[in-house]
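This report concerns only the one structure given below.
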Amino acid sequence: MSAWRDLGCGEPRAGHEGRTVTLAGWAARRRDHGGLVFIDLRDETGVTQLVVNPERAAAAAAVAHGVRNEYVLQATGTVVRRSPETVNPRMATGDVELQVDDLLVLSTCTPLPFQLDEENVDEALRQRYRWIDLRRDYMQRNIRVRAQLVRIIREEMERERFVDIETPILWKPTPEGARDFVVPARLQRGKFYALPQSPQIAKQLLVTSGFERYYQIARCFRDEDPRADRLQELTQLDVEMAFPDREYLFELMERIVQRIWRECIGVELEPPFQRMSYDEAMLRFGIDRPDLRFGMEIQEATAVTRGAEFGVFANAPCVRYIAVPKELSRAELEALTTQARSWGAKGLAYVVFRSDGELSSSFQRFLSDEWQQRWREPGHTLLFVADEPRVVAKVLGLLRLRLGRELSLIDESRWEFLWVVDMAAAEYDDETGTWHAAHHPFTRPTDETLELFGTDPGAARAVAYDLVGNGLELAGGSFRIHEPELQQKVFEYLGIGPEEQEEKFGFLLEALRMGAPPHGGIASGIDRLLMALLGEARIRDTQAFPKNQVGLDYMTGAPIELPPEQLAELGILVADQEGDGARRRPIDASYLAGSGDRPLALEEESDG
C-alpha cells in the first residue's frame, strides 16, 4: 500500500496466515491483561486485533502498556489464525490476529472530550471536536455514502451528455426566496457581492449561450431561519436543458435515485413513480410533500355542514377533518388544540367515538344523528378545522404528520416516492400579507392560469414539479420563462416594477431578447437526499463540517468579529440603529453560546 503499511487494518484474512505484514492506524481499544496486551487497530478499511506478547517482543510490549485510545500506531508482525474459541464472527478480520514484533507510536492523543462509542453526547460538543466525531463508524458511513451518491450522479449525468460547468460564487444579489449572504468588495468600497442561493440565472444564461445540457454539483448559500431539514450552506445537483422534456427529466431522476438506493443501501425501487397534482396533495394530505407511508388522509365535510346550527362550521369557507385511530384524552386534545392555534387555526373541534359506543365532542349539542352515523368510527377521534382552505390544509396536514409519528403509524420499512406536479405558482406570506413566487420568479406559469397571477395568485399554477420521498422534498424543478415579455409580465404580477426589473434582472432580460431557447431543469439537494437515504434525523450529520441551526461553527468559532482596521479597509461600520442615529458597537455572538443543535420537530415547519 505504502511505506507505512502493507495492508489495511480491515484486510487481513486466513489466506494471509504466516505472512509478515505492517499495519498502521488508530488504537480503537486496548486491553491490558498484565502480560499480554490486546489492541484493536482501526483505519478506514476496518479493524484488526494486535496481540503483543512480552515473551515474543519485550520492546513492543513496553510500548503497548503506554498506549491509549486514539494513539496512532504502526505495527509489524505475523498474521496468525485465532484459536476456535477466540474467533470473532462480528469482525471481518475475526478469524486472524497480528502477533506483533515491532510497535511504534506515530502520534499520541490527549484525553478525549468524549469516547467514540459514547451515546447522548451534547451536539455542541460533537461539533466543537468534529475531527473526533468524524472518526465514529456512523459518521464515516455517512460521509462515504455521500461520496458514493455523488459519484453515481456524475456517472449518470455524463452518460446523458450533460456538461459540468462551474458558475460564480461571487454574484449579484437577486431575490430568489431566501436572504442573501453578502460579501464586501474591497476594491469597490461600499459595494457588495452576494453568495448564490442557487445558480438559477447563471444556468439559464448558459443554456441561452448554447450549452444545451448543463449540470453542476453546486454549492448554494441561503440565510435561512432555523429549520430541522434546512441548511445555510448546502450542496445540490443542478440541471438545466434547452428544449426540455418533462418526461425525460423525470426518467433521468428516477434512474439516478434507483441506482443510489440500490448501490448504497441495497434497496430496489420500482419506477416509474406515481404522479399527483399539487391540488390533490393539498386536498388529501394538506402538504405539498405528502408522506404516503400511512393513511389518516384529510376528509371533506364542508358540504354536509352547510346550514348546520353549529356556527363555526356553518359560517366557515371550508370544513375538513382527519380520523385519528385512537380515543384521545382531554389532555391530549387540549395540547393538540394549542398546537393547532400556533399554526393559525382559530381552534380545533373534535368528536371521540369510543369503542363502547359512547361519544364525547366539543360540539355535542349540535351533533345530529345524521352526522353521527356519517362520521362514526369506533375507537377513533375526529379532529375538525374550519377556516379558509389554505389554513385548513396547513393545520390538518401538520396534525396528520405529528400524530402519524406519535402513534407509530408510519411504516419505517417502506419507501414511497411520488412526483407532485402542477405546483402552486405563488404562495401567501402570513407575516407580510403579500404573495410571492412559490418556486422563483423565473418559473413558467401554466397557460391556463397565467392571468390568475394578477387577480387570484393562489389559484395560479406553474409548470413545476417536485420529487418527494417519504415526506421529504428530494428534488424540484420547473420550465423557465424564455420570452422577455412574459418574464416582465410575471415580474409585474409579483410586484416587481419596471425600474426594479432593470436594476436587478436587466442582464437576464437582455439575454432573453437575444435568442433564448425554451429551457427548464431540476435540482436535488445532496444533503437532503442523503438524509432520506440513510434515515437521518439531523441533516447536519450529512456534512463533514456543518454549522448549527443559527449558523454558528462551534469548531472554528465562526462567525467572528473583524478587527477595526479590516472593517475600515472594507468601508464597513458595524452599528445598531437607534432612532434617527446609529451607535457603533462590537459584533457580539455570545447569544449563540449553548444554543446547541436540537432537531426542530417537523410540525414546527411551515407548509411551504
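- Side-chain atoms of S198 come within 3.5 Å of backbone N or O of Q200 as a donor-acceptor pair.
- Side-chain atoms of Y215 and E156 include no donor-acceptor pair closer than 3.5 Å.
- At distances below 3.5 Å, at least one donor-acceptor pair connects side-chain atoms of N548 with backbone N or O atoms of L552.
- Judged by distance alone, the side chain of R130 and the main-chain N or O of A544 form a donor-acceptor pair under 3.5 Å.
- With sequence neighbours left out, the side-chain contact (heavy atoms from CB on, under 4.5 Å) criterion links E160 to F162, R213, Y248, L252, R255.
- Without hydrogens or angle criteria, E240 side chain to I522 main chain gives no donor-acceptor distance under 3.5 Å.
- For W419 and F273, the gap between ring centers reaches or exceeds 6.0 Å.
- Scored by the ring pair (Phe, Tyr, Trp, His ring centres under 6.0 Å) test, F285 finds no partners at all (sequence neighbours excluded).
- Remark: R161 pairs with no residue by the salt bridge (Lys or Arg N to Asp or Glu O under 4.0 Å) rule, at least two apart or across chains.
- For Y129 and Y554, the distance between ring centers is not under 6.0 angstrom.
- If you check the side chains of Y493 and Q488, you find no donor sitting under 3.5 Å from an acceptor.
- Applying the side chain to side chain donor-acceptor pair (under 3.5 Å) test to D291 and every residue at least two apart in sequence or in another chain returns R293.
- Remark: E448 engages T446 in a side-chain contact (heavy atoms from CB on, under 4.5 Å) (not counting sequence neighbours).
- When only modelled atom types and interatomic distance are considered, D527 and Q543 share a side-chain donor-acceptor pair under 3.5 Å.
- With hydrogens and angles left out, the side-chain atoms of Q197 and D180 include a donor and acceptor closer than 3.5 Å.
- A donor-acceptor pair shorter than 3.5 Å cannot be found between the side chains of Q216 and D164.
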Could you please spell out the steps behind the ring pair (Phe, Tyr, Trp, His ring centres under 6.0 Å) verdict for W261 and F417? CA-CA 12 Å; W261 258 251; F417 290 82; 5.3 Å; yes

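- By the salt bridge (Lys or Arg N to Asp or Glu O under 4.0 Å) test, E502 pairs with R513, sequence neighbours left out.
- Side-chain contact annotation: R540 with T542, donor-acceptor N/O pair under 3.5 Å absent.
- Taking the six-membered ring where the residue is Trp, F505 and F442 present perpendicular rings, their angle passing 60° and hence far from 30°.
- The backbone N or O of D541 sits less than 3.5 Å from a side-chain atom of N142, completing a donor-acceptor pair.
- Remark: the R219 side chain and the T235 side chain contain an N/O donor-acceptor pair separated by less than 3.5 Å.
- A donor-acceptor pair under 3.5 Å is absent between the side-chain atoms of E233 and the main chain of P546, judged by distance alone.
- Judged by distance alone, with hydrogens and angles left aside, the side-chain atoms of D466 form no donor-acceptor pair with the main-chain N or O of L418 at under 3.5 Å.
- For the 3.5 Å distance criterion, the side chains of D238 and Y214 qualify, holding a donor opposite an acceptor.
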CA sep, side-chain torsions, deciding dist, call: R135, Q140, side chain to side chain donor-acceptor pair (under 3.5 Å): CA-CA 6 Å; R135 293 181 191 174; Q140 287 278 317; over 6 Å; no

Ring pair (Phe, Tyr, Trp, His ring centres under 6.0 Å) evaluation trace for Y465 with F250: CA-CA 9 Å; Y465 31 84; F250 282 14; 5.3 Å; yes

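- The closest donor-acceptor contact from the side chain of R480 to the backbone of S478 lies under 3.5 Å.
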